[in-house]
Amino acid sequence: MQIQNYIDGIFVKPKNERYLKNIDPSTGKAYGGIPDSSQEDVNNAIKAAKKAFPVWSNLTASERSTHLGRVASRIEERIDELASAESLDNGKPLKLARAVDIPRAADNFRFYASAILHENSEIHDMGINGFNYTTRRPIGVVACISPWNLPLYLFTWKIAPALAAGNTVVAKPSEITPATAYILSQILDEVNFPKGVLNIIHGTGLGVGEPLISHPEVPVISFTGGTKTGERINKIAASSFKKISLELGGKNPNIIFSDCDFDQMLKTTLQSSFANQGQICLCGSRILVERSIYNRFLKFFILKTKELRIGPPSDINTQIGAIVSSDHRDKILSCIQLAKDEGGIIECGGVSVNLGGENSGGYFVAPTIITGLDMNCRTNQEEIFGPVVTVMPFDSENEAIDLANNSQYGLASTIWTNDLKKAHRVANKIDTGIVWVNSWLVRDLRTPFGGAKNSGIGREGGFESLRFFTEPKNIYIDLK
Ligand code: NDP
């Protein structure tokens with residue numbers, strides 16, 4: 001697959017005609033080229049988006065909704081091809097891409113095609129003196145930058161509301177997983193999406209991402225990625241007062257009380273630990289277990305983890321696919337080494353796995369459980385973003401809360417208990433933007449999504465996104 005940029009409704013090569021290799025992480029072999037775009041391509045895309053803004057922003061909500069709905073339908077029609085491309089590009093099990101990533105990408109377009117029809121504005125009545133009304137207008141050209149772990153899902157999660165609200169967009173997928181963003185540009189073409197409204201530029205963070213967010217004609221940035229990158233983007237954006245939404249890293253606690261439904265908890269904890277090879281920002285990587293069930297939990301958790309099938313992503317029976325890149329595989333392995341150096345006990349996994357045959361060059365890591373560490377060590381404080389969890393005992397509700405909150409991050413948490421009052425009490429005291437009780441990864445697109453502390457700034461999802469992508473204006477009418 002030789003990927004191209006999509007600017008002003010036309011497929012174009014990068015101006016410098018340079019390409020990066022696109023690697024299949026399950027074999028380690030290159031299978032295509034990605035434009036290594038630069039400032040000139042970014043400038044052209046922003047120019048196209050700016051030109052398209054007056055017409056797109058003045059369409060009725062219903063007209064914009066129709067355009068978004070067509071994209072959703074076409075994603076659904078090409079679901080098998082998109083799922084295969086996502087799995088090949090990212091290394092995730094095909095089954096996961098088919099069941100979660102691609103349907104949710106279609107849902108994102110479908111949801112915002114509908115949400116925009118239900119948006120309303122506020123009036124603040126001042127009686128006989130007068131009244132205020134608030135309008136919300138699209139802002140202009142929006143930069144959308146997304147990571148590699150849920151490529152099309154997270155890409156469309158920001159693009160769909162930005163477009164629905166009437167903005168035009170220049171979007172950059174991760175250079176590591178560009179394939180489904182490229183297919184999305186084909187889909188735009190197929191459904192005659194208005195030219196210049198959504199432009200997709202491929203390339204690196206420094207080559208494309210930074211020129212894009214620094215550009216004076218881009219007043220809004222929606223970014224999902226690592227906390228370090230977010231910090232840099234935040235600094236650049238601050239100097240020109242850009243509106244910014246940052247969805248960043250996490251080190252999520254999974255708190256397990258002894259009164260939980262053990263079987264349900266165990267089944268879900270396997271998923272919340274290792275789904276997508278642990279490369280979901282919402283995975284629970286710090287598992288806190290009430291001491292009275294600690295040994296029982298550890299025994300069964302290790303047993304079930306060892307049974308997880310590591311295999312080629314395209315195999316329908318595979319539960320653990322490939323790590324996204326060799327660099328990331330090496331980072332995960334170095335984190336495991338650090339855990340050992342810090343005195344951690346590797347209860348299972350801890351090694352890379354060679355599947356042999358055509359997958360002998362692939363990047364596979366066995367799901368890893370580590371015990372014996374305290375909460376202040378680097379392993380428990382730094383995001384690993386791989387199939388690696390730590391397990392620690394606690395003795396009281398307050399201790400569990402303190403351990404959970406002992407983190408620079410505050411994205412998501414999971415609480416397992418059948419005590420209703422305890423569930424509410426603990427949920428209220430945990431410093432995370434999202435709390436799941438007796439469940440994990442249940443998503444309702446109407447709810448606010450985002451993190452506290454170093455996990456980000458702002459919330460996306462539901463009407464929060466539409467508010468973020470619009471500028472409110474209050475108008476007062478005097479009746480006296
Ligand atoms: P990165 O921060 O490395 O990259 C994210 C995106 O930003 C990529 O498209 C990257 O491009 C681009 N980028 C890198 N540097 C710059 C820059 N200086 N200016 C503008 N753009 C830049 O994150 P990863 O892709 O490694 O993703 C993993 C991280 O994402 C984890 O920390 C994870 O927790 C977080 N994440 C957060 C989520 C949330 O909702 N809170 C959801 C999913 C992931 P390129 O890759 O081409 O270099």
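Atoms within each ligand, like the ligands themselves, are counted from 1 in listed order. Each residue takes its place number in the sequence, starting with 1.
- Using modelled atom types and a 3.5 Å distance limit, the side chains of N167 and S57 yield no donor-acceptor pair.
- Ion pairing between a basic and an acidic side chain is recognised when a charged N comes within 4.0 Å of a carboxylate O; D315 and R309 show no such pairing.
- Geometrically, ligand 1 and G226 share a nitrogen or oxygen pair separated by less than 3.5 Å.
- Ranking the protein heavy atoms by distance from atom 8 (C) of ligand 1 puts S146 O, 3.4 Å first.
- The parts of T224 lying near ligand 1 are both backbone and side chain, judged by heavy-atom distances below 4.0 Å.
- The closest non-hydrogen atom to atom 34 (O) of ligand 1, taken over E460, K251, E383, comes from E383.
- Of the protein's non-hydrogen atoms, the one nearest atom 13 (N) of ligand 1 is G205 CA, 3.4 Å.
- Side-chain polar atoms of Y31 and N22 form a donor-acceptor pair below 3.5 angstrom.
- Using a 4.0 Å cut-off between a side-chain N of Lys or Arg and a carboxylate O of Asp or Glu, E190 and R74 qualify as a salt bridge.
- For atom 26 (O) of ligand 1, the closest non-hydrogen atom of the protein is W148 NE1, 2.9 Å.
- Classified by interplanar angle (parallel below 30°, tilted 30° to 60°, perpendicular above 60°), the ring pair W56/H67 is tilted.
- Shortest contact from atom 2 (O) of ligand 1 to any protein heavy atom: T229 OG1, 2.6 Å.
- Of the N and O atoms on the side chains of N108 and T156, at least one donor lies less than 3.5 Å from an acceptor on the other residue.
- Looking at ligand 1, you'll find an N or O of E210 within less than 3.5 Å of one of its N or O atoms.
- Between K251 and E382 there is no salt bridge, since no side-chain nitrogen of the basic residue lies less than 4.0 Å from a carboxylate oxygen of the acidic one.
- For ligand 1, the atoms lying closer than 4.0 Å to a non-hydrogen atom of F449 are 40 (O).
- For atom 4 (O) of ligand 1, the protein comes within 4.0 Å by no heavy atom at all.
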